[in-house]
Structures are given as structure tokens and as C-alpha cells.
Amino acid sequence: MISLKTVKVIKPDIYWVGAIDWDRRLFDELIPLPDGTSYNSYLIKGSKKTALLDTVDPTKTHKLMNHLKEVEVDIDYIIAHHAEQDHSGSIPEVLKQYPHAKVICTPKCKTMLIDLFHIPEEKFIEAKDSDTLSLGNKTLEFIHAPWVHWPETMFTYLKEDKILFTCDFLGSHLATSSLFVEDENRVYEAAKRYYAEIMMPFRVAIRKNLEKINNLKIETIAPSHGPVYNNPKFIINAYREWISDDVKNTVVIPYVSMHGSTVAMVDYLVNALMKRGIEVKPFNLSVADIGELAKALVDAATIVIASPTVLGGAHPSAVYAAYLANALRPKTRFVSIIGSYGWGGRTVEQLKEMIKNLKVELIEPVVIKGHPHENDFKLLDKMADEIYKEHKKI
Ligand code: FEO
């Protein structure tokens, strides 16, 4: 029989009641969302109590409220795993509709929700790490998991059904009508991009948090963006690969060129690296999708930033790329800089200063005057040799 309801059933009495945002193309006014996203909110109906796990972005509150009407239950608890507004933004409206509901979250999340939404303090119950909550025939265990990707984050483990609710962690920005992962290749790419943009700066915290859930028997992972994983190993193993110290034989080249000199150097270096069997990922910063650039940084051994000199320093697009790489803290091992100038400037010094978070070795930069000559190409060959030598040790 066809169900005309728009809530989705994960297991009996466990529902997806969130919202799909097909049209969203930018997150935080920063991160491109080529595939839209979803704000997954889940409802667990126990024999005695009912809990709502996270809410949705405030722009989609009406979707959540319609879903809650369809399920026709009262809500006793709102579990807030994370204070960011795309998951917490509808809490005030849910509290208005279900006035006796209590918000359960970490102590830090409580202070943040009070700051953001002015929710009265008496509405909260603080969850300590490993606290449990009985809904009757279902038991929730709260697991503090800070810094994925804010300091207040936590997970919930539903013991009887072996479902781990991870909020942002392990998610993907992917709008899809499928509740569960159907195409692992597609989700792998979306989840890697999401990891690069949001989680990569927190590799150390992720290691600790993965350790923490290592002994749980998990049959399903339900994140708050993208499809639900009924093969948890798929995403856990992907994260283990991304957070490891292993790098690939890949050079990422974010570049910008104003009059063709820098791009001539980039073209030459790309070919020189390819001839040496090195994978190359050039990104023309004038048109590049910053999310794809971030994704390429996840496991590349080397970054070569290519920039002309303008107003005495690096081109602003190259400055942005360097800033981004520094903020995202990829596990890259080597960095270099190439480019051209007209009469002088501090491009190398400026870019070097900007990437201090990266624990990298600097390969001798090649910054030349004017359009490249034969001798300049020889220097790029030398750089390619050096990269080849270092990559062989990986
Ligand atoms: Fe999906 Fe950090 O919010």
C-alpha cells in the first residue's frame, strides 16, 4: 500500500521527520552546495516517552512541524546534538507547540542555545557523558563528542536498535529522496567534500571520537545531513582513511594568472609532474569550486600555489586559497610557490607567512620576472624532480 505520509520510517517507531533543501547552494555564505543538502531530524517513539533528535534549519521549520503532525505524538524530549542553527533553529517553534518538552544537550550546548535563541534555562536537562535516558522500551545513551565541529557536540546511541545519531559528524551535503545510502560512490564523494570543508581541521578530535564509538555495536548511522548509512563500515572506514597520516602521490595546484605568464608555468609544471607519474589537480581560482579544491587537499602530498604579483604581493585569489588551506589544515607534507612578477614584490614571503598552520616542508619556490624563459622551465623541471623524489618516499 502506498503511504501518503512524508515522514520516513527507519525502523518501527523510529522516523525521519527532517527537511530536504534541494535549492540551497551556499552554506555559511562560504561553502558551495552543488547537490543541496538535508536537515535530518529524527523521532523516536518509546513505549512511555518520545524524543525528537535535532530539528531543522529555520527556513524549513514548517516542514518539520508538518511531519510532527503526521506522526501524531506528543514530544517529551528534544535532543540537541549541536547548537548550530541548521539543526537547532526550529527548537523554539517545537517548544511552542509542545510546551512541556525538555531540551537535552551538553552543558556547553545549553549555554550556546540560550545565547542563540534566548530559551529559558528551566527548559533544559544537561546530559553528562554516558548518561542514559529511558523512553520505556528504548534507551538513549549520550556520548560527548566535542569538536565535530563545534565544542559542544555529542552523539546519541539508541541501544536496542543499534543506531548511532551523529549530527554533522559523518554526514554529507546531499539532497536525495532516498532515506538510505543507495549509491556509495556518490555518497563517498559528497562525504569527502563535506569532511574537507567542515571536519578536516579537527582530525585529532575525530580520532578521539572514533575511538570512543569503537566498541559500540552499530548497525545504522544516522547523521543530520545526507542519507542514512545502513553499512556503517563504509563511512567509518572512509573517515579512518581521511584522518590517517597517509598522503597520496598527488600535487594540488591552486593558480591564478593575469596575463598568461603564471599559467604558462603551471602548464609546464603540470606536464612535468605527469611525466613523472604524479597525479596533478590544478584549480584555476578564477572559476574553481572551492569545495572541490578543499576535497583535493584531503590527501594530497603536495600543494603548489601559483600566483602573479599584484600590488606588491600575491593575487587576492591566491591569498584566499592560502588562507583556506591554512584554516583547513590538511595533512599535506610539502608546499611550494610559483609565479611571475613585473618589477618586484613579496609574493613568496607573504604566502609563506599565511600557511604557518601547515606542518610542511617548503620546496624551493620558482618566482620569475616576466614571461618564463627556457631557464625558468628548467627550474620547474628541478621542482618536479624534487617532488618526485619526496613522493617516492611516501
Ligand atoms: Fe550542520 Fe554544524 O551544522
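Indexing begins at 1, ligand by ligand and atom by atom, following the structure's order. Everything numeric in this text was worked out from a predicted model, so none of it was measured.
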salt_bridge(Asp299, Lys192) N-O dist < 4.0 Å: yes
With sequence neighbours left out, write down each residue that passes ring-ring contact (aromatic ring centres under 6.0 Å, His included) with Tyr188, or none if nothing qualifies. Trp242
Suppose the cut-off is 2.8 Å; how many protein N/O/S atoms fall inside it around atom 2 (Fe) of ligand 1? 4
Which pairs count as side-chain hydrogen bond (donor to acceptor under 3.5 Å, both in side chains) when at least one residue sits in residues 103-119, sequence neighbours excluded? Lys110-Glu121, Lys110-Glu126
Compare all side-chain heavy atoms of Pro227 with those of Phe180 and state whether any distance is below 4.5 angstrom. no
The ring-ring contact (aromatic ring centres under 6.0 Å, His included) partners of His173 (sequence neighbours excluded) come to Phe27, Tyr194, His225
Determine the minimum heavy-atom distance between His149 and Glu84, stating which atoms define it. NE2-OE1, 3.0 Å
